Amino acid sequence: MDEKEFFDHLAPTWDDNEVLSTPDKVRFVLGFMNLKPGQSVLDLGTGTGVLLPYIAEKIGTAGHITAVDYSAGMLSRAKEKFSGLTPTPEFLEMDLEQDNIPGEYDRIILYCVYPHLHEPVETLRWLHKVSLKKGGLISIAFPSGPEFINNVHREKHSESDILPSADELARTFRLNGLDAKVAHSDTDSYIVNIYK
Ligand SMILES: C[S@@+](CC[C@H](N)C(=O)[O-])C[C@H]1O[C@@H](n2cnc3c(N)ncnc32)[C@H](O)[C@@H]1O
């Protein structure tokens with residue numbers, strides 16, 4: 001089973017097993033992204049769309065949301081749940097590492113996605129260059145610290161999907177020319193922001 005099929009397989013039970021992304025936690029994490037009314041937001045690896053209503057709450061009716069995932073199973077759950085949301089999200093079945101995602105965005109969010117990338121630094125540099133507006137922000141975020149994420153991946157025998165500490169990740173980005181800062185990091189959440 002490849003990774004896309006793996007996520008397709010998980011899609012029907014994803015929401016029942018997602019216990020960390022409580023409304024308070026998601027709002028807390030989004031609080032570090034300086035989301036404002038009218039912004040355009042790209043939610044990469046949207047999954048079943050866990051962030052979408054909370055992004056909508058922040059950017060309001062004048063905002064725009066594009067939700068991307070390469071798993072048809074995950075994306076169809078997101079569409080079922082949130083096609084009626086205001087603003088109505090645009091759903092794109094695309095590979096964020098391989099495909100050219102149309103448009104430029106004020107905010108690009110990768111929530112619980114980073115460890116699944118194959119060429120993470122190159123991907124982030126490309127997104128920063130072509131998909132992020134000047135003055136915009138890319139956020140790499142999780143509803144827990146790296147220890148929890150890494151234990152989950154170890155249990156699933158995905159040792160390659162290891163997440164470094166927030167300090168280490170920000171440092172790696174800076175060494176690769178990106179203006180990265182740790183916005184918050186403790187056992188309950190992890191947010192690294194990259195500015196343009
Ligand atoms: C751990 S899930 C997180 C989903 C959602 N953000 C959440 O927190 O519930 C990772 C998601 O990223 C998607 N994904 C991983 N690599 C991707 C890629 N290269 N292109 C598009 N989607 C990808 C998977 O299909 C999956 O839906």
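As the structure lists them, so they are numbered: ligands from 1, and atoms in each ligand from 1. All of these numbers come straight from a predicted model, not from anything done at the bench.
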Look at atom CZ of R174 and say whether more than 12 heavy atoms of other residues, nucleotides or ligands are closer to it than 6.0 Å.
yes
Step through it carefully: locate the ring centre of H64, locate the ring centre of Y105, and say whether they are under 6.0 Å apart.
no
Whether F7 and Y70 hold their rings parallel, tilted or perpendicular, with breakpoints at 30° and 60°
tilted
Go through the side-chain N and O atoms of H116 and E97 and say whether any donor and acceptor fall under 3.5 Å apart.
no
When you look for heavy atoms under 4.0 Å from ligand 1, do you find them on the side chain of Y70, its backbone, both, or neither?
both
Could you tell me which atoms of ligand 1, counted from 1 in the order shown, lie closer than 4.0 angstrom to a heavy atom of M94?
20 (N), 21 (C)
With no hydrogens and no angle check, do the side chains of T46 and D69 hold a donor and an acceptor under 3.5 Å apart?
no
For atom 25 (O) of ligand 1, what is the closest protein heavy atom, and at what distance to 0.1 Å?
D69 OD1, 2.6 Å
What's the shortest distance from atom 9 (O) of ligand 1 to any protein heavy atom, and which residue and atom give it?
W14 NE1, 3.0 Å
Side chain or backbone, does V68 bring an N or O within less than 3.5 Å of an N or O on ligand 1?
no
Would you mind checking if K4 and D95 are paired as a salt bridge, meaning a charged N to carboxylate O distance below 4.0 Å?
no
Taking only heavy atoms of T46 into account, list the atoms of ligand 1 that are under 4.0 Å away from them.
5 (C), 6 (N)
V50 neighbourhood, listing ligand 1 atoms whose heavy-atom distance to it stays under 4.0 Å
7 (C), 8 (O), 9 (O)
Between CD1 of I109 and CG of D43, what distance do you get to the nearest 0.5 Å?
6.0 Å
among protein heavy atoms, the one nearest atom 12 (O) of ligand 1 is G45 CA, 3.5 Å
Is it the case that the side chains of S165 and Y190 hold a donor-acceptor pair, with the cut-off being a distance below 3.5 Å and no angle test?
no
Quick one: which ligand 1 atoms are inside 4.0 Å of a heavy atom on D95?
18 (C), 19 (N), 20 (N)
What's the shortest distance from atom 20 (N) of ligand 1 to any protein heavy atom, and which residue and atom give it?
L96 N, 2.9 Å
Classify the contact between K4 and ligand 1 as side chain, backbone, both or neither, using a heavy-atom distance cut-off of under 4.0 Å.
neither
Under 3.5 Å, N or O to N or O, is C112 touching ligand 1 that way?
no
Give yes if a backbone or side-chain nitrogen or oxygen of Y111 is under 3.5 Å from a nitrogen or oxygen of ligand 1, and no if not.
yes
Which distance, rounded to the nearest 0.5 Å, do you find between the CG of L44 and the CG of L127?
6.0 Å
Ligand-side contact atoms (ligand 1) for residue partner S71, heavy atom cut-off under 4.0 Å:
25 (O)
D106 side chain vs Q39 backbone, donor-acceptor pair below 3.5 Å:
no
Go through ligand 1 atom by atom and flag the ones less than 4.0 Å from a non-hydrogen atom of H116.
1 (C)
